[in-house]
Amino acid sequence: MSLILYINGQQADLEPGTVIAQTRQVNDLNSLENRQASYTNKFSLPKTAHNVRLMGYLTLPGNESNIPYQKNECSLYSASGECFVYKGWAMITDGGDSYDAVIYDGIISLYKAIENKNLSDLELSAIDHTKNPQTVVNSWAATSPYRYIFADYNGNHNYLAVADTPVIAEMEYLVPSVNVKWLWNKIFSVYNNGEPATGAIFDSDDFTNLWMTFPKGATSGEEQETELLVCNDILINGSPLNDRYLYYLPLPAGTVQMPVADAVSVTGNRHIKVNTSGNYRIELSGTLRANKTVNISIGINAPNATRPQNITNRSIIKEAHPNNGEEFNYGRTVKLNAGDTACVFFDYNNASFDFHNNGKVNLRLVRIEDTVINFTDAFSDFSIRDFLNEVVYRFGLTLFKSKYSNTYTCLTLAELFNSQVLNWSSKFVRQVSENYITGNYAQRNWFTHTYNDKDASYDDGYYDITNAHLPESKTLIKSKIYSPEYAMTLFAKKFVNRYKMWDKEVTQEQEEVNGETITRTVTNYKPLDKRYYFMRTVYDSRLFFVTSMVTQQIADQRGAWFENYSGLSFKDVVQKYYGPLNRITHNSRVITAELWLSEADVSKFDFKKRYYIEQLSGTFLINKINNYIPGKPVQCEFLRVLPENER
């Protein structure tokens, strides 16, 4: 029977009697780790003048045809007008006297579109942000695509939470998470011509409340500091009572270093003027001798040469600094606007005092930059295909592409095994074979996480099949998503899971204090990378204050989100989403049978439905239509689906 083939919008010449056998499949339920496209056999296109032009003169001397390298959109029709393939892919190669062609259809459109693409290839600017207390609080809005979720990330978490008081938490060792549904929809928007995937699962709480972490520890620290001014060995002496200028830390002309041009300037040898709004930290070190325990403060926009009691905008660095000449190291962060000035001044409760000789102070000014959370850079090592597979595996999904649009319908196993039943008994020709080995499975089929501890397996799950002839065990799904640590910890009066984003390194350091050697225990936090975790969230209605120990900023809001790992271990996933698989693996029957299918049967075939065959005494999913040729019976692979009460 003649066929009509279009390639890149033009009808191609076919030899009379050309056979194009079609294999149609969606997802081989005998092998869950694979998703398949439909395809045809290799067939020949004659090198007629028309086909040669259609192929861009491929194989002719000097040709520069791009046909073998590009997506060649093709459609295949029967002479009666039935559409077998609509906007599929044609792969063209040279076959000598003719061109060789193979057509692919179905899910290949999506998987080709995302081939060699990473999550970083998406437009993620909507979730890139600077990390500060306000953005942390803002992320708790219901519509935010990213969220700072309270959990133990193995960092230096400082918080205060006692009965009937707000929770005060530092933000430095929190990391954001992106909503999985938001990412999923973004992929289909970018790589599926804006057509979203449909399915009831996408409106379930299991899916909408699923989050994936930023993959590495990101804190504010020295790497976010810009040094703007340094002045060392500033001599402090004299009596401020007799000279008001001595209330202020001097910045002697010629001794001040300013590494960044035009960032700051010094006026009156006392006041530092900043040219950019931001958070600035003033660091003081050295020795100071006085006859009183003075206070050390920062004056903002202080009038020149005024007494301390007249400086109204101030921030104390150290109250009651000791006067015995011990070495000190203090710091204070303040918010300054462009054009503001800052100075360091001393006072003793607005009363007189004297400095003794030999006091020397070092001053350093740095601008604290908010940590930039850049999901685009961070997601550069996670392929879109792997991400889609993670979602498909987690929910046991099968993807069905609409023939005439880019719409994908996704069904869980429970939905697939309870789909509409069509009676195709009249199309049955004969049974060819019956197999009792269920595809690419083992007796025990493992679903495994990635772990920080390479020997761990506590969140893995397995699916068992009672068939002694299967291999003993195999890893069916190997996830790139990390499992949280085994033990939970107490955080803000809640037990939470630990999602390691930092490694703690505990060291012993020694220092000399007044002639004695003191040993201190120091904990350093080393950020980890490529740690992707899934989590869910639960709401906490307490009042939360989020602070930054680096920038001294603070933001508050009633109500925040804590992590929840419920239902995310593969033990839970297998139990919830893979239980229905028993309906085809328990006492499995994989039957190959011939059916007599019309062109309309094949062109309109729906893999989402089940088919009742009276001669086989059961209801089946058709796993594959193998090498269909119009006008001939075709072999089909049937998977028996047991009634729910018989599995």
Side-chain angles (χ1 to χ4, degrees), residues 225-276 280-367:
E225 294 178 354
T226 302
E227 188 175 70
L228 302 180
L229 183 146
V230 178
C231 189
N232 293 325
D233 297 330
I234 304 170
L235 185 64
I236 304 294
N237 57 26
S239 174
L241 180 64
N242 299 321
D243 185 351
R244 292 178 182 175
Y245 271 108
L246 296 182
Y247 286 121
Y248 300 87
L249 179 71
L251 300 172
T255 66
V256 177
Q257 301 176 32
M258 291 178 280
V260 180
D262 301 324
V264 297
S265 58
V266 176
T267 61
N269 292 336
R270 298 291 190 277
H271 303 271
I272 304 169
K273 182 180 179 180
V274 302
N275 296 325
T276 305
Y280 294 82
R281 187 168 69 249
I282 292 179
E283 299 174 351
L284 294 175
S285 62
T287 59
L288 197 64
R289 297 177 183 274
N291 65 342
K292 303 288 175 62
T293 54
V294 298
N295 301 322
I296 308 175
S297 302
I298 299 170
I300 300 172
N301 296 327
N304 195 32
T306 189
R307 292 182 180 275
Q309 59 263 39
N310 295 326
I311 300 176
T312 56
N313 192 352
R314 64 175 68 195
S315 180
I316 293 178
I317 298 177
K318 178 63 178 179
E319 189 173 11
H321 169 77
N323 59 0
N324 56 7
E326 292 181 3
E327 289 191 4
F328 66 87
N329 193 329
Y330 303 140
R332 184 70 177 178
T333 301
V334 293
K335 175 73 175 179
L336 299 175
N337 296 315
D340 284 351
T341 64
C343 63
V344 175
F345 69 93
F346 311 94
D347 78 290
Y348 174 67
N349 299 326
N350 300 321
S352 62
F353 62 92
D354 292 318
F355 289 118
H356 300 304
N357 291 335
N358 301 321
K360 288 187 177 182
V361 174
N362 307 310
L363 180 142
R364 178 173 180 257
L365 175 72
V366 297
R367 184 171 61 233

With rounding to the nearest 0.5 Å, note down the distance linking [atom1] in [X] to [atom2] in [Y].
{"X": "Phe328", "Y": "Ser285", "atom1": "CZ", "atom2": "OG", "value": "6.5 Å"}
{"X": "Arg289", "Y": "Lys360", "atom1": "CZ", "atom2": "NZ", "value": "12.0 Å"}
{"X": "Asn329", "Y": "Glu283", "atom1": "CG", "atom2": "CD", "value": "7.0 Å"}
{"X": "Ile282", "Y": "Leu336", "atom1": "CD1", "atom2": "CG", "value": "7.5 Å"}
{"X": "Leu288", "Y": "Ile234", "atom1": "CG", "atom2": "CD1", "value": "11.0 Å"}
{"X": "Cys231", "Y": "Met258", "atom1": "SG", "atom2": "CE", "value": "10.0 Å"}

Query raised in the report: Considering all heavy atoms of both residues, which atom of His271 and which atom of Ala302 are nearest to each other, and what is their separation?
Result: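 Residues His271 and Ala302, closest heavy atoms: CE1-O, 3.6 Å.
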Query raised in the report: Which pair of non-hydrogen atoms, one from Pro250 and one from Ile236, has the smallest distance, and what is that distance?
Result: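 Minimum heavy-atom separation between Pro250 and Ile236: CD-CD1, 3.8 Å.
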4.5 Å side-chain heavy-atom contact, [X] and [Y]:
{"X": "Leu229", "Y": "Val256", "result": "yes"}
{"X": "Ile300", "Y": "Thr341", "result": "no"}
{"X": "Arg314", "Y": "Phe345", "result": "yes"}
{"X": "Leu249", "Y": "Leu284", "result": "yes"}
{"X": "Val366", "Y": "Tyr280", "result": "no"}
{"X": "Asp347", "Y": "Ile311", "result": "no"}
{"X": "Asn275", "Y": "Val264", "result": "no"}

Query - Side chains of Asp340 and Asn301, donor plus acceptor under 3.5 Å - result: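 Side-chain D/A pair, Asp340 to Asn301: present.
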Requested in this report: Verify the distance criterion only: is there a donor paired with an acceptor across the side chains of Arg332 and Ser315 at less than 3.5 Å?
Outcome: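 Present: a donor and an acceptor within the cut-off.
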**Report entry** Under 3.5 Å donor-acceptor, Asn269 side chain and Pro252 backbone
**Finding:**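 Not a single qualifying donor-acceptor pair exists.
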Query raised in the report: If you draw a 6.0 Å radius around CG in Asn310, do more than 12 non-hydrogen atoms from other residues or ligands fall strictly inside?
Result: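 Yes - once you tally the heavy atoms of other residues, nucleotides and ligands closer than 6.0 Å, there are more than 12.
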Query raised in the report: So does Lys335 have more than 12 non-hydrogen atoms from other groups sitting under 6.0 Å from NZ?
Result: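 Yes, because the 6.0 Å sphere around NZ of Lys335 holds more than 12 heavy atoms from other groups.
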Query raised in the report: Between Arg367 and Glu225, is a salt bridge (Lys or Arg N to Asp or Glu O under 4.0 Å) present by the stated rule, with each step listed?
Result: CA-CA 6 Å; Arg367 184 171 61 233; Glu225 294 178 354; over 6 Å; no
Requested in this report: Take Ile272 and Leu228, measure what side chain to side chain contact (heavy atoms under 4.5 Å, CB included) needs, and give me the verdict at the end.
Outcome: CA-CA 10 Å; Ile272 304 169; Leu228 302 180; over 6 Å; no
